[in-house]
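Heads up, the thing below is written out as structure tokens.
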There are 2 protein chains.
Amino acid sequence: MTLAYPFEDVRTQIKSASLAEVMDRLGVRMNFAKDEEIYAQEEDADLIYRVVSGVVRTMRLLSDGRRQVGDFYQAGDLFGLEVGALHRYSAEALCDCAIQVVKRSSLRAQADEGELDRAIWEATCRDLERAQDHILLLGRKTACEKVASFLMDLAQQGPNEAIDLPMGRQDIADYLGLTIETVSRMLTQLQGSQVVEFASCRQFRVRRWDVLERLAA
Amino acid sequence: MTLAYPFEDVRTQIKSASLAEVMDRLGVRMNFAKDEEIYAQEEDADLIYRVVSGVVRTMRLLSDGRRQVGDFYQAGDLFGLEVGALHRYSAEALCDCAIQVVKRSSLRAQADEGELDRAIWEATCRDLERAQDHILLLGRKTACEKVASFLMDLAQQGPNEAIDLPMGRQDIADYLGLTIETVSRMLTQLQGSQVVEFASCRQFRVRRWDVLERLAA
DNA sequence: GAGCTGTCTTGATCTGGATCAAACCCAAGG
DNA sequence: CCTTGGGTTTGATCCAGATCAAGACAGCTC
């Protein structure tokens, strides 16, 4: 396997346009209903997925049902690129989703090799960077800092705009390693101190970006 | 100064034998004393590091000094392969270490491209897989499960052998998102229930592999 | 509208792990 | 030997966040 020189900033918004095109040509568009499983943990990982619309969550279960959400994937993101042969996390549609699916092998045969490798590399790197941030958050941040970090991450686009929260409280809790009740309390608290403002429980606006940043630690 | 002595584990040796050789030829061997910094957070990441002997930890600090250990790297492991241009974690020698260091660019010019890419890819994938396990551990496991998982991970080689714990309690705590006291209590508890046995505080043996596995959840 | 149903918030209480504070253990150095 | 000092263990107490238990607030359908 040939890889692009691993030195580029993966956060570049250039979302490999031509890979998307090839995926559209070779792949299948599938629709998943809210909470439908896209692939299971331990399942063979020979497909590549791209979110066309909607949001996807990856997650892992402990034997007794405790759940950890790995990450959320939005429109344009590649996911399901497991490192080994098997999926280590399962993936589910967070809301109704359209997903473009392609077999790795057929893609490899048809697409520009370099292009494909580069896209896979970038998606993997993005996953790793986010995983590293996630580790710091889970290991050493307080409930309030976790929630503040989470809101900041969602609101990357900048303050003042209305941001949609596509996921419910339970998903946020399982992403942050908290309970729904704690998430709810922290959100109420942040709203009470004028840092953010909720129009409804699924939409908010950052009022004090500086304070939010400080709280996220 | 420690002399080079080839005691890499078999797994890594097979994977990147010739890369190691090229790194030895082109790179510099550096020695680091216990707790010495190998690279800092936010520093430029244009070097590739391979542990020759000793153990390395990567870590990240929050502004108020809370610390999260990202991972530990043993002889044979590649590290410092950041995704972007800057190191997102810092790296320190856990004990006296010998590290082989090479400039990415010079390596690229000389080595077999495919070989290098493959080694970098595999090291990155290993990091990602371990990060994913780490996320589940930090987000949803109890103190006891965390410690049990940690011991199991160290003892991969199998039960019955004496395993060295190269890191102190503080490093374990900062890896598991706990305090030293809690780590110590859990170790005492595991020893009390005959699951593991400590010869000294830096060496143990697994007595009941099945129980340890169950406790790790 | 009135009833549902699922999600979210709020309140009261409990507890696992943190914090605070000794004591212990040993290796290194006088 | 006896110190000294870093790492570790142990004990007592505290508190952030979990758990348990109501409410409140939508969207629904009928």
Side-chain angles (χ1 to χ4, degrees), chain A residues 33-35 57 62 64-68 94-96 137-151 164-193 196-204 215 217, chain B residues 33-35 55 57 62 64-69 94-96 137-151 164-193 196-204 215 217:
Chain A
K34 180 169 150 56
D35 293 327
R57 66 168 170 260
L62 247 26
D64 63 355
R66 278 172 288 171
R67 197 178 74 142
Q68 177 65 47
L94 193 124
C95 51
D96 292 355
L137 176 143
L138 291 171
R140 287 303 183 205
K141 292 193 183 179
T142 64
C144 179
E145 290 167 346
K146 285 176 176 182
V147 172
S149 305
F150 179 74
L151 293 182
D164 278 310
L165 267 182
M167 66 292 288
R169 299 294 187 263
Q170 187 63 61
D171 284 325
I172 300 177
D174 288 341
Y175 178 76
L176 299 177
L178 298 171
T179 57
I180 358 177
E181 294 95 326
T182 302
V183 170
S184 178
R185 279 183 241 274
M186 293 304 134
L187 290 173
T188 311
Q189 189 182 301
L190 285 173
Q191 173 153 240
S193 48
V196 296
E197 183 177 30
F198 278 79
S200 77
C201 69
R202 294 294 187 106
Q203 200 190 55
F204 72 100
L215 285 176
Chain B
K34 181 170 150 58
D35 294 328
V55 183
R57 64 168 171 261
L62 248 25
D64 62 356
R66 278 172 290 172
R67 196 178 76 139
Q68 177 64 47
V69 169
L94 193 120
C95 50
D96 292 356
L137 177 143
L138 291 171
R140 288 303 183 205
K141 292 193 183 179
T142 64
C144 179
E145 291 167 346
K146 285 176 178 183
V147 172
S149 306
F150 179 73
L151 293 182
D164 278 310
L165 268 182
M167 64 294 286
R169 299 295 187 260
Q170 187 63 62
D171 283 326
I172 300 177
D174 288 341
Y175 179 75
L176 299 177
L178 298 170
T179 57
I180 355 178
E181 293 96 327
T182 300
V183 170
S184 177
R185 278 183 242 275
M186 294 303 133
L187 289 174
T188 311
Q189 188 181 302
L190 285 173
Q191 173 151 242
S193 47
V196 296
E197 183 176 28
F198 277 79
S200 77
C201 70
R202 294 294 189 104
Q203 199 190 55
F204 72 101
L215 285 176

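Source: prediction; values computed, not measured. The figures that follow rest on heavy atoms only: side chains count, while hydrogens, waters and symmetry mates do not.
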Let me have a per-nucleotide readout for nucleotides 10-19 of chain C, 5' to 3', with B, S or -, counting only protein heavy atoms under 4.0 Å.
-> BBB----SSB

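- For DNA chain D, none of the residues of residues 167-176 of chain A falls under the heavy-atom distance limit of 4.0 Å.
- Using a 4.5 Å heavy-atom threshold, the side chains of A/Val196 and A/Leu187 count as separate.
- Here the closest non-hydrogen pair linking A/Gln68 and A/Tyr175 is NE2-O, 3.2 Å.
- Taking CZ from B/Arg185 and OG1 from B/Thr179, the interatomic distance works out to 7.0 Å, rounded to the nearest 0.5 Å.
- Across all non-hydrogen atoms, the minimal contact from B/Ala217 to B/Glu145 is CB-OE2, 3.4 Å.
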Under the salt bridge (Lys or Arg N to Asp or Glu O under 4.0 Å) rule, what do A/Asp35 and A/Arg57 come out as? Steps first, then yes or no, please.
-> CA-CA 9 Å; A/Asp35 293 327; A/Arg57 66 168 170 260; 3.0 Å; yes

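- Applying the 4.0 Å criterion to OP1 and OP2 of C/dT7, one finds that A/Arg202 has every side-chain N and O outside that range.
- Taking atom CZ of residue B/Phe204 and atom P of nucleotide D/dT9, one finds them 13 Å apart after rounding to whole Å.
- For the pair B/Gly177 and B/Leu138, the tightest heavy-atom approach, listed with the atom from each and the gap, is N-CD2, 3.9 Å.
- Note: B/Ile172 CD1 to B/Phe150 CZ = 4.5 Å, rounded to the nearest 0.5 Å.
- Side chain of B/Asp164 to backbone of B/Gln203: no donor-acceptor contact under 3.5 angstrom is found.
- Distance, A/Phe198 CZ to C/dT7 P: 18 Å, rounded to whole Å.
- When the C1' atoms of four end pairs are superposed on the next four at each end of the helix from C/dG1-D/dC30 to C/dG30-D/dC1, using five pairs per end, the two resulting axes differ in direction by 20°, to 10°.
- Of all heavy-atom pairs between B/Arg67 and B/Asp174, the closest is NE-OD2, 2.6 Å.
- Side chain of A/Arg140 to main chain of B/Arg66: no donor-acceptor pair is present (N/O by atom type, distance under 3.5 Å, no hydrogens or angles).
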